[in-house]
Trainee: 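Quick one: the structure is below, questions incoming.
So that the names make sense, note that chain A is the first sequence line, chain B the second, and so on, each numbered from 1. All figures in this text were calculated on a predicted structure; none of them were measured in a lab.
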Protein chains: 2
Amino acid sequence: MDTVRSPYTEILKSPGWEFGREILDLIADKWTLLVIEVLSEARELRFTRLEEQIGGISQKMLTKTLRQMERYGLVTRIVHPVIPPHVDYRITELGESLGEAVCGIWEWKEANQERVTAARNAYDARASRK
Amino acid sequence: MDTVRSPYTEILKSPGWEFGREILDLIADKWTLLVIEVLSEARELRFTRLEEQIGGISQKMLTKTLRQMERYGLVTRIVHPVIPPHVDYRITELGESLGEAVCGIWEWKEANQERVTAARNAYDARASRK
DNA sequence: CCGAATCCATTACGATACTG
DNA sequence: CAGTATCGTAATGGATTCGG
């Protein structure tokens, strides 16, 4: 039987491609996947806890990342109107499912890490001997 | 049986995370996936044909993208020592398999596009009414 | 506590011109 | 033809300061 044609071939550059680009940009930034990971375990965390658990993120980027994720429906922002402020972030179903959709990439990584490393070393060796 | 725990939870931030970051950056740039798509169909193309088929890419970025892909073993660069120059790029098994690994994202996109759009519209509506 | 605003260094990338 | 080199602009992201 014919092997299944990769669907991405039809999807990239198709009318939906602009949106695909958006999704790609969304997950490809430095922090979104880490937030998804942390929130997948904790389900709900307030801002400062997220900051701690992620580690190394500036609050500017955390804010920006969370806003974007909220906009795309990946997290819910829950503001408790108290002083001092208390804001919780909870992952949505959509957010979780995106985390799972990315697994194919991690599997590819695991399966091919050695081959990639070998290719890279070979390339660098070729490049360095003038 | 237990449903499989998303492996990304263990992989992100693990010792292999740096490498995961690399892979993510690799596929997340503006052009790599388009090159994979075009080359998956054509198997082998010379520089100028690639430039045409991708459309909208500058030769600077095409060169850079191809060099990076070559370094990671996703394409093979075949130089024919003639004048004028003739250079073919062929996709490798590794390159093809990466294209397939990304499918999970496109499937997620297809399955959830409406929900994401709805969330985004709702967010924007909330944001715009002051 | 949460987050907006400002400043700054670095990088990304398109346009253009040049070369073996 | 298949690049490299240079330039200018725009976007990215960290550090810091300020405010409700």
Trainee: Roughly, in whole Å, what's the span from CG in B:L62 to C1' in C:dC13?
Mentor: 14 Å
Trainee: Nearest whole angstrom, please: distance from the P of D:dC1 to the CG of B:L66.
Mentor: 17 Å
Trainee: Would you indicate, yes or no, if D:dC1 has its OP1 or OP2 atom less than 4.0 angstrom from a side-chain nitrogen or oxygen of B:R46?
Mentor: no
Trainee: Taking atom C1' of D:dA2 as reference, at what distance in whole Å does atom CG of B:D88 sit?
Mentor: 12 Å
Trainee: A:Q59 side chain: which of D:dG14, C:dA4, D:dC1 is closest?
Mentor: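 Side chain of A:Q59 sits closest to C:dA4.
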Trainee: What does A:P84 touch in the nucleic acid at a heavy-atom separation under 4.0 angstrom: a base, only the sugar-phosphate, or nothing?
Mentor: sugar-phosphate
Trainee: In whole Å, what is the span from the CG atom of B:D25 to the C1' atom of D:dT12?
Mentor: 13 Å
Trainee: For C:dG14, does OP1 or OP2 lie under 4.0 Å from any side-chain N or O of B:K30?
Mentor: yes
Trainee: For A:Y89 and C:dC1, is the shortest distance between a side-chain N/O and OP1 or OP2 below 4.0 Å?
Mentor: no
Trainee: What's the CZ-P distance between B:R67 and C:dC13, to the nearest Å?
Mentor: 17 Å
Trainee: Between A:R21 and A:D25, does any NZ, NE, NH1 or NH2 come within less than 4.0 Å of an OD or OE carboxylate oxygen?
Mentor: yes
Trainee: Does A:R49 place a side-chain N or O at less than 4.0 Å from the phosphate oxygens OP1/OP2 of C:dC1?
Mentor: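 Answer is no, no contact under 4.0 Å.
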Trainee: Please determine, for the side chain of B:K60, which listed nucleotide (C:dA15, C:dG3, C:dC1) has the closest atom?
Mentor: C:dA15
Trainee: A:D29 has an atom CG; how far is it from atom C1' of C:dT11, in whole Å?
Mentor: 16 Å
Trainee: How long is the line joining CE of B:M61 and P of C:dT11, in whole Å?
Mentor: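 Distance, rounded to whole Å: 15 Å.
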Trainee: Return the value, rounded to whole Å, for the distance between atom CD of B:E51 and atom C1' of C:dG14.
Mentor: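 One finds 13 Å between C1' of C:dG14 and CD of B:E51, rounded.
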Trainee: Looking at B:E44 and B:R49, is any side-chain nitrogen of the basic one under 4.0 Å from a carboxylate oxygen of the acidic one?
Mentor: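 A salt bridge is absent here (no side-chain N lies under 4.0 Å from a carboxylate O).
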Trainee: I'd like to know if B:R43 and B:E96 make a salt bridge, using a cut-off of under 4.0 Å between side-chain N and carboxylate O.
Mentor: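 Looking at B:E96 together with B:R43, the answer is yes, because their closest N to O distance falls below 4.0 Å.
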Trainee: Tell me whether A:D29 contacts the main-chain N or O of A:T32 through its side chain, where contact means a donor paired with an acceptor under 3.5 Å.
Mentor: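 Yes; judged by distance alone, with no hydrogens or angles, the pair exists.
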Trainee: Please check: side-chain N/O of B:T92 versus main-chain N/O of B:L74, any donor-acceptor pairing under 3.5 Å?
Mentor: yes
Trainee: For D:dA2 and B:R77 - does any side-chain N or O of the residue sit under 4.0 Å from the phosphate oxygens OP1/OP2?
Mentor: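 False: B:R77 side-chain N/O out of range (4.0 Å or more) of D:dA2 OP1/OP2.
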Trainee: Check every atom of D:dT4, D:dG14, C:dA12 against the side chain of A:W31 and return the nucleotide holding the closest atom.
Mentor: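 Nearest to the side-chain atoms of A:W31, counting from C-beta on, is D:dG14.
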Trainee: Given that B:T63 and A:I57 both sit by DNA chain D, which one's nearest nucleotide is further toward the 5' end?
Mentor: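 The residue closer to the strand's 5' end, by nearest nucleotide, is B:T63.
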Trainee: Counting side-chain heavy atoms from CB outward, which of D:dC1, C:dG14, D:dG20 is closest to B:P85?
Mentor: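 Of the candidates, D:dC1 comes closest.
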